[in-house]
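One-based numbering along the sequence shown.
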Amino acid sequence: MAMAAEQLLQRRPAGCLVLLLLLLASVMMCPLVWSSPQTSVGPPPELTLLAGAAEKGAVCLDGSPPAYQLERGFGSGSHSWLVYLEGGGWCNTVEACSKHTKSALGSSNYMEAVQLAGIFSNDRSQNSDFYNWNKVFVRYCDGASFSGDAEYEDQDGNKLFFRGLHIWDAVIDELMEKGLANAKQALLAGCSSGGLATLVHCDDFSARFPRKVAVKCFSDAGFFLDKKDIDGERFIRSVYNGVVQLQNVSKVLPKDCLRKKEPLDCFFPSELIKSITTPTFILNSGYDSWQIQNVLVPDESSPEKSWLTCKANIRDCDFTQMEVLHGFRKTLVDDLKLIQNKEEWGLFIDSCFTHCQTPFRISWDSLISPRLGNKTIAQAVGDWHFSREQRVKQIDCEYPCNPTCSSQLPS
């Protein structure tokens, strides 16, 4: 189990999309560069290392300083801030976390500045509501959704630093000094394990601002389900349990949840959303490709060949397999029923086989972006954030009902 979990956690929930041609291009995966040659873009925002990281106890798994990329806003967006938390899975064992220290997921020594698209675009035609905002891409190097508070040392004196919570606090404090404290509106967002981190830290982020500042949260592909796999085992629950125990995640979890449930339960979004008071938008696919591949049909389940084919491409799933996937979607929809009664919250639950839809133009706002109610994700999020519509809660029908789910979406 430990080896299988380790392999699971080293597969990044989100890859990077490069669009090779205009509009109807083919896609290819590459290591963490969210750019598109559809528009001429300048150099990526500079990689900034956190000042005084060691003194603050805010370090990556290997002890190196954490990092972020800041692109300054302009014009009417100069006092508006998007703080976006990077995703990249988790590490739930000493062995897995040690391997992360040899990559950008555990050490800033391996990080390079990346070019961003989608919600990060400064092109008004591609990102009309957020194009001129200050945008911060907080890099991920702690392995526990910016939530850990522990340390490990083996018999040879080798250390691992589980300091995600300290990273969160120190980076936000430094950004406050760089202008975030003067924000008139702020949006905390993140994708995948960064989307989970967004839910974990949402109310804390909001509490750092005066009441007059409009603060909201936006979780993309971060609604991970406590769901049995095809063998009836709760594989993802065992992974989460390792993360919570190894990295002492309980310190950051909602106290009202901890009074009633175990820390493990409170790390799942279905419980987190019960405690969040800040207006929040949930973007997720009912057929999230990463969760299907790693939660529902993990390698640990030793899936037969037909399942391997199905989890690689939903179009190759047979009737029986689709019934299982429909059940997965139903669990997500049931878990989100609570949000229907939260007036200031928003939902965009499409039926596309994809994962992480904000950092790619093709998903965010293009001619072939997913649409619900005839609106792209960018349009729906804008309508919610700026209260252009009273209710922005869209849940798609079952796959394959939505013709706007392109095969070119990142999966």
Side-chain angles (χ1 to χ4, degrees), residues 12-22 25 27-51 53 60 64-75 77-78 80-88 103-142 146 167 171-172 174-175 178-180 186-195 197-198 218 220-221 355-366 378 410:
R12 289 184 59 80
C16 150
L17 189 65
V18 176
L19 302 182
L20 298 179
L21 300 173
L22 296 176
V27 297
M28 59 180 289
M29 302 304 292
C30 65
L32 198 70
V33 182
W34 293 341
S35 62
S36 165
Q38 290 176 290
T39 58
S40 58
V41 293
E46 179 183 357
L47 188 71
T48 301
L49 298 180
L50 178 71
C60 298
S64 61
Y68 58 89
Q69 295 175 242
L70 166 61
E71 183 171 30
R72 291 290 182 178
F74 56 93
S78 58
S80 300
W81 286 73
L82 167 68
V83 178
Y84 192 101
L85 305 178
E86 183 185 18
S103 74
L105 291 176
S107 173
S108 60
N109 294 327
Y110 296 90
M111 291 180 187
E112 296 180 358
V114 297
Q115 186 60 265
L116 309 169
I119 196 172
F120 296 98
S121 175
N122 58 13
D123 185 333
R124 188 171 187 172
S125 67
Q126 298 178 19
N127 188 28
S128 60
D129 286 314
F130 307 102
Y131 74 98
N132 61 351
W133 282 35
N134 297 280
K135 305 181 192 77
V136 186
F137 183 48
V138 185
R139 304 300 293 272
Y140 180 44
C141 66
D142 68 278
F146 298 89
I167 292 173
V171 168
I172 297 300
E174 185 164 299
L175 292 174
K178 292 189 174 184
L180 180 59
L187 178 63
L188 177 66
C191 155
S192 196
S193 51
T198 298
F218 175 23
D220 174 14
H355 179 79
C356 282
Q357 301 180 80
T358 47
F360 308 108
R361 184 193 173 193
I362 191 174
S363 307
W364 179 245
D365 195 11
S366 74

Do [X] and [Y] have side-chain heavy atoms sitting under 4.5 Å apart?
{"X": "Q115", "Y": "P45", "answer": "yes"}
{"X": "V171", "Y": "F146", "answer": "no"}
{"X": "I167", "Y": "C141", "answer": "yes"}
{"X": "S64", "Y": "M111", "answer": "no"}

Is the backbone N or O of [Y] less than 3.5 Å from a side-chain atom of [X], with the two atoms forming a donor-acceptor pair by type?
{"X": "S128", "Y": "S125", "result": "no"}
{"X": "N132", "Y": "F74", "result": "yes"}
{"X": "D365", "Y": "G118", "result": "no"}

- request: Kindly check if the number of other-residue, nucleotide or ligand heavy atoms within 6.0 Å of CZ (R72) is above 12?
  value: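 Buried by this count: over 12 neighbours within 6.0 Å.
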Which heavy atom of [X] sits nearest a heavy atom of [Y], and at what distance?
{"X": "C356", "Y": "P410", "value": "O-CG, 4.1 Å"}
{"X": "A378", "Y": "D129", "value": "O-OD2, 4.1 Å"}
{"X": "E86", "Y": "Y140", "value": "OE1-N, 2.8 Å"}
{"X": "L180", "Y": "W81", "value": "N-CZ2, 3.4 Å"}
{"X": "N127", "Y": "S121", "value": "ND2-O, 2.9 Å"}
{"X": "A104", "Y": "Y110", "value": "N-CB, 3.6 Å"}

Contacts of W364 that satisfy ring pair (Phe, Tyr, Trp, His ring centres under 6.0 Å) - sequence neighbours left out: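 Counting only residues at least two positions away or on another chain, W364 forms no ring pair (Phe, Tyr, Trp, His ring centres under 6.0 Å).
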What's the spacing between [X] [atom1] and [Y] [atom2] if we round to 0.5 Å?
{"X": "D123", "Y": "R361", "atom1": "CG", "atom2": "CZ", "result": "7.5 Å"}
{"X": "L47", "Y": "S108", "atom1": "CG", "atom2": "OG", "result": "7.5 Å"}
{"X": "L116", "Y": "Y84", "atom1": "CG", "atom2": "OH", "result": "9.0 Å"}
{"X": "S80", "Y": "K135", "atom1": "OG", "atom2": "NZ", "result": "10.0 Å"}
{"X": "T198", "Y": "L85", "atom1": "OG1", "atom2": "CG", "result": "4.5 Å"}
{"X": "E174", "Y": "L49", "atom1": "CD", "atom2": "CG", "result": "9.5 Å"}

Qualifying residue for side chain to side chain contact (heavy atoms under 4.5 Å, CB included) with E71, from N122, L82, V136: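 So the option named by the test is N122.
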